[in-house]
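Computed from heavy atoms alone, side chains included, the values below leave out hydrogens, waters and symmetry copies. Note on naming: letters A, B, ... go to the chains in the order of the sequence lines (proteins, then strands), and numbering restarts at 1 for each one.
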Amino acid sequence: MKARIKFRKYGALRFIGHLDVMRFFQKLMRRADIPIAFTGGYSPHMIMSFASPLGIGLTSDGEYLDIELTAPVDSQEAVKRMNEECVEGIEVLSIRQIQDEKKMTGMTILAAADYLVSVKRGTLPENWKERFSDFMEQKEIRVIKQTKRSEREVDIRPLIYRWEIRGESVLLRLAAGSAENLKPDLVMETFLSESTVPEESVSFAYHRLEMYADMGEAGKRNLVSLESLGQEMTV
Amino acid sequence: MRKLALSDEILLNIEKPARYIGGEVNSVMKDRDKVDIRFAMCFPDVYEIGMSHLGIQILYDMFNRRDDVWCERVYSPWVDLDKVMREKKIPLFALESQDPVKDFDFLGITIQFEMCYTNILQILELSHIPLHAADRTDADPIVIGGGPCTYNPEPLAEFFDLFYIGEGETVYDELLDAYKEWKGSGKSRKEFLERAAEIEGLYVPQFYDAVYREDGTLLSFTPNNAHAPEKIKKQAVMEVTDSPYPMKPVVPFIKATQDRVVLEIQRGCIRGCRFCQAGMIYRPTRERNVEKLKEYARAMLKNTGHEEISLSSLSSSDYSELKELVTFLIDEFKDRGINISLPSLRIDAFSLDVMSRVQDIRKSSLTFAPEAGSQRMRDVINKGLTEEDILEGAGQAFEGGWSKVKLYFMLGLPTETEEDMREIARLSDRVARRYYEIPKEQRKGKCQITASSSFFVPKPFTPFQWASMLSAEEYTRRASVVREEFQAQLNRKSLKYNWHDAQTTVLEGVTARGDRKVGRVIEEAYRLGCLFDSWTECFRNDLWMQAFENTGVDIDFYNLRQRGDDELFPWDFIDIGVSRRFLRREWERAIKGEITPNCRMQCSGCGAASFGGGVCYEGKN
């Protein structure tokens with residue numbers, strides 16, 4: 001059976017990269033006695049996949065990994081056990097049973113993510129909220145996207161599903177996953193350059209809030225959190 | 001939440017910021033206001049190397065068991081952060097509290113290899129602690145050194161307030177208690193050091209005068225303070241089974257060099273190889289009880305979540321309960337996806353059997369350490385391994401499905417002839433020939449024999465402490481003799497030969513058997529910019545040579561000179577239990593190519609029995 005773990009990453013742990021977070025969870029599974037399944041062969045490894053790696057420096061309230069269990073666990077009790085074996089900087093929020101089909105893993109169905117962007121250092125111009133609204137109300141936001149092999153111009157506006165100014169912060173709902181993926185720093189850097197704010201005058205803290213799957217039909221988007229696709233387990 | 005010493009801007013612009021944030025699983029947090037002593041424990045190399053060291057994990061755990069002590073960890077900032085810290089005048093900090101090291105009571109530095117000496121000065125300077133013990137005041141921590149290099153602490157004498165000679169489990173409590181009593185008593189720093197000097201095993205360099213002859217050799221080495229004893233007795237725990245062992249070692253976020261549970265099964269080695277310092281200074285051999293080790297394995301795997309467990313000792317095959325222990329590890333953990341790593345095993349039927357059960361023989365390689373190519377040379381170094389043993393072991397391994405073999409050798413050993421050098425290549429070839437004796441249809445393609453040689457560096461407290469070394473040019477020439485011989489071998493396409501750099505060998509030679517004068521060179525090299533000398537990308541031989549020139553210290557005096565029987569060595573004030581007379585006898589036997597039996601075969605009266613335990617008393621009650 002498959003289960004989905006949701007966790008928070010905060011504080012000093014924002015400096016731990018994705019591969020090391022993976023290693024952390026592999027060791028956590030053993031410390032917390034989670035009955036996780038292994039692949040076969042001479043060097044068996046845990047069956048575990050993360051929905052989307054979080055870059056170094058970012059924090060999150062909504063990270064996900066899917067694991068394969070060899071035996072059912074009690075959700076509440078397993079969360080407690082895992083948190084007892086955690087460190088400051090990682091907190092397990094839930095573990096829920098999910099469908100067994102391969103096409104339902106978090107990595108495959110991931111469609112969008114919410115980010116909260118706030119100023120970490122420096123200041124924005126006083127009228128930044130207006131400027132940001134103007135920036136977002138454009139029909140197109142063309143940027144040069146650099147990949148390893150080439151660079152091409154793309155319109156990122158359709159990949160911004162939702163935006164909102166929340167107090168002194170900005171909420172962004174952006175396309176995520178293997179088909180389309182937009183990083184929040186690209187949005188903010190483009191905003192700075194288009195509104196002629198010198199890039200070095202301000203830096204942002206990026207906080208991922210949630211990740212979503214698209215359960216809509218006939219081209220109509222219906223985003224639901226990855227967590228909501230699972231069910232609490234009781235033993 | 002813990003506040004970090006470095007800002008986000010710094011952390012996001014350096015390599016592997018996780019090296020500097022602490023907060024790992026099993027790291028110990030305490031309330032700084034509720035402890036009496038703050039101890040910063042340092043391994044002077046980068047985090048991933050330092051975190052792999054067992055000794056620090058043992059002391060970290062032992063100190064933190066005390067409610068009145070908070071022991072934290074410090075590692076060398078990599079060159080990128082080093083630059084930032086100097087520019088921004090950020091003091092070096094300990095990982096747990098992120099507080100400056102300068103505010104600690106103790107800075108303990110483990111000294112594991114000679115090429116870290118400039119890193120020690122970096123630690124002191126970045127901590128804003130004066131480099132010289134003589135310049136420190138009550139506001140500075142007590143700087144104490146430990147580890148294998150302290151068996152000749154003299155090149156570092158000026159930089160340390162104290163050295164702890166031997167195993168940390170014995171008198172640290174006494175030292176910490178003495179410190180607590182002294183702190184707040186209003187007495188001077190010197191008075192504390194005098195009290196410390198009275199504790200067995202502790203050496204206070206400033207309480208001794210080294211007087212040299214005109215030719216540079218040591219004339220006398222005597223205490224100048226009434227509290228300092230003439231001889232410092234090495235510390236050894238006799239009850240290893242009952243000594244503290246960390247059940248909850250710290251688990252790094254980033255991959256350390258040793259990313260596994262380490263089970264120290266014994267201390268010391270019965271073999272008596274004449275080049276090996278560890279084999280002499282850790283005498284007598286002491287074994288941990290196997291039932292206790294099983295308990296430790298279970299608890300440590302559970303508490304860390306590691307997926308691998310490794311045995312640690314100088315020669316695992318000599319552990320008398322090895323079979324029992326290894327069988328237990330395989331039965332208990334193999335099916336739970338735990339890798340079992342068995343280093344330093346002699347290759348025989350038993351070890352091949354267990355290895356075939358714990359590793360993928362197609363991918364893994366077998367390691368032999370013949371150390372020398374010819375039997376004559378192996379007799380000189382007292383390596384009790386015959387060519388027959390090697391070929392027999394390799395043959396069994398090849399028949400069992402292995403095809404990769406690693407061979408370790410040393411070049412530049414005392415009495416080495418050109419014939420001995422060439423035998424390295426020929427022996428490697430004979431191992432390959434043994435492989436091709438297997439019928440073609442039963443073997444899987446070619447074999448891969450990788451031979452590596454390092455250059456021999458004579459170490460204090462070994463029978464070879466009298467030996468002369470060679471120049472860098474001569475080392476390189478010898479390696480090319482061996483390389484040339486490899487090219488002349490029948491199976492040269494299955495053979496690969498690597499050799500170690502000769503320049504660092506020369507420096508290791510000077511520092512390993514150096515005296516107080518060598519301290520000046522280390523300091524000058526550091527001033528000129530030397531740091532992380534054991535990292536090829538950082539090593540600057542030209543600056544080291546400049547440092548020798550600037551200080552007028554002569555390399556040849558330390559390396560090329562054959563030392564006399566009656567020469568007083570800088571390290572002779574340390575009593576390791578093994579007598580100088582025994583070492584001299586072994587040196588003379590070496591020259592004659594006579595072998596000496598190991599401790600279990602026959603006691604050779606080395607002197608270690610004075611510790612009253614271990615292998616010296618096995619079977620005697």
Stepwise side chain to side chain contact (heavy atoms under 4.5 Å, CB included) test for A/Lys27 and B/Asp259: CA-CA 11 Å; A/Lys27 292 179 197 289; B/Asp259 179 32; 3.1 Å; yes
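- Other residues, nucleotides and ligands contribute only 12 or fewer heavy atoms inside 6.0 Å of the NZ atom of B/Lys406.
- A donor-acceptor distance shorter than 3.5 angstrom exists from the side chain of A/Glu88 to the backbone of B/Arg2, with no hydrogens or angles considered.
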Derivation of the side chain to side chain contact (heavy atoms under 4.5 Å, CB included) call for B/Glu307 and A/Met29: CA-CA 11 Å; B/Glu307 41 283 296; A/Met29 294 296 111; over 6 Å; no
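- Residue A/Glu101 qualifies as enclosed at atom CD: its count of foreign heavy atoms under 6.0 Å is above 12.
- Shown here for B/Gly337 and A/Pro44, the closest heavy-atom pair between the two residues is CA-CG, 4.4 Å.
- Residue contact with chain A, scored on non-hydrogen atoms closer than 4.5 Å, involves the side chain of B/Glu9 exclusively.
- The environment of A/Glu189 atom CD is dense: over 12 non-hydrogen atoms of other residues, nucleotides or ligands sit within 6.0 angstrom.
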Audit row: A/Arg121, B/Asp8, side chain to side chain contact (heavy atoms under 4.5 Å, CB included) steps and yes/no: CA-CA 10 Å; A/Arg121 192 182 46 83; B/Asp8 277 30; over 6 Å; no
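- Inspection of non-hydrogen atoms places A/Tyr10, A/Gly11, A/Ala12, A/Leu13, A/Arg14, A/Phe15, A/Ile16 of residues 8-18 of chain A under 4.5 Å from chain B.
- For A/Lys129, the NZ atom sits in a packed shell: over 12 heavy atoms of surrounding residues, nucleotides or ligands are nearer than 6.0 Å.
- Heavy atoms from other residues, nucleotides or ligands lying under 6.0 Å from NZ of B/Lys334 number more than 12.
- Within 6.0 Å of atom NZ in A/Lys120, more than 12 heavy atoms from other residues, nucleotides or ligands are found, so the atom counts as buried in its surroundings.
- Summarising the local packing, NZ of B/Lys248 is surrounded by 12 or fewer heavy atoms from other residues, nucleotides or ligands at distances under 6.0 Å.
- Across B/Leu11, B/Val251, B/Leu301, B/Leu4, the residue that shares the most heavy-atom pairs under 4.5 angstrom with chain A is B/Leu11.
- Within the 3.5 Å criterion, the main-chain N or O of A/Arg31 finds a donor-acceptor partner in the side chain of B/Lys302.
- The 12-atom threshold is not exceeded at CG of B/Asp67, counting heavy atoms of other residues, nucleotides or ligands nearer than 6.0 Å.
- Looking at B/Phe253 and A/Val21, their side chains never come closer than 4.5 Å, going by heavy atoms from C-beta outward.
- Across A/Arg30 and B/Gly305, no two heavy atoms sit closer than the pair CD-O, 3.1 Å.
- Heavy-atom distances place no part of B/Ser27 under 4.5 Å from chain A, backbone and side chain included.
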Salt bridge (Lys or Arg N to Asp or Glu O under 4.0 Å) evaluation trace for A/Asp20 with B/Lys16: CA-CA 11 Å; A/Asp20 295 320; B/Lys16 302 194 187 177; over 6 Å; no
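- Your options are B/Asn26, B/Ile254, B/Asn339, and the one with the most heavy-atom pairs under 4.5 Å with chain A is B/Ile254.
- Across all their heavy atoms, B/Pro252 and A/Arg23 have their closest contact at O-NH2, 3.6 Å.
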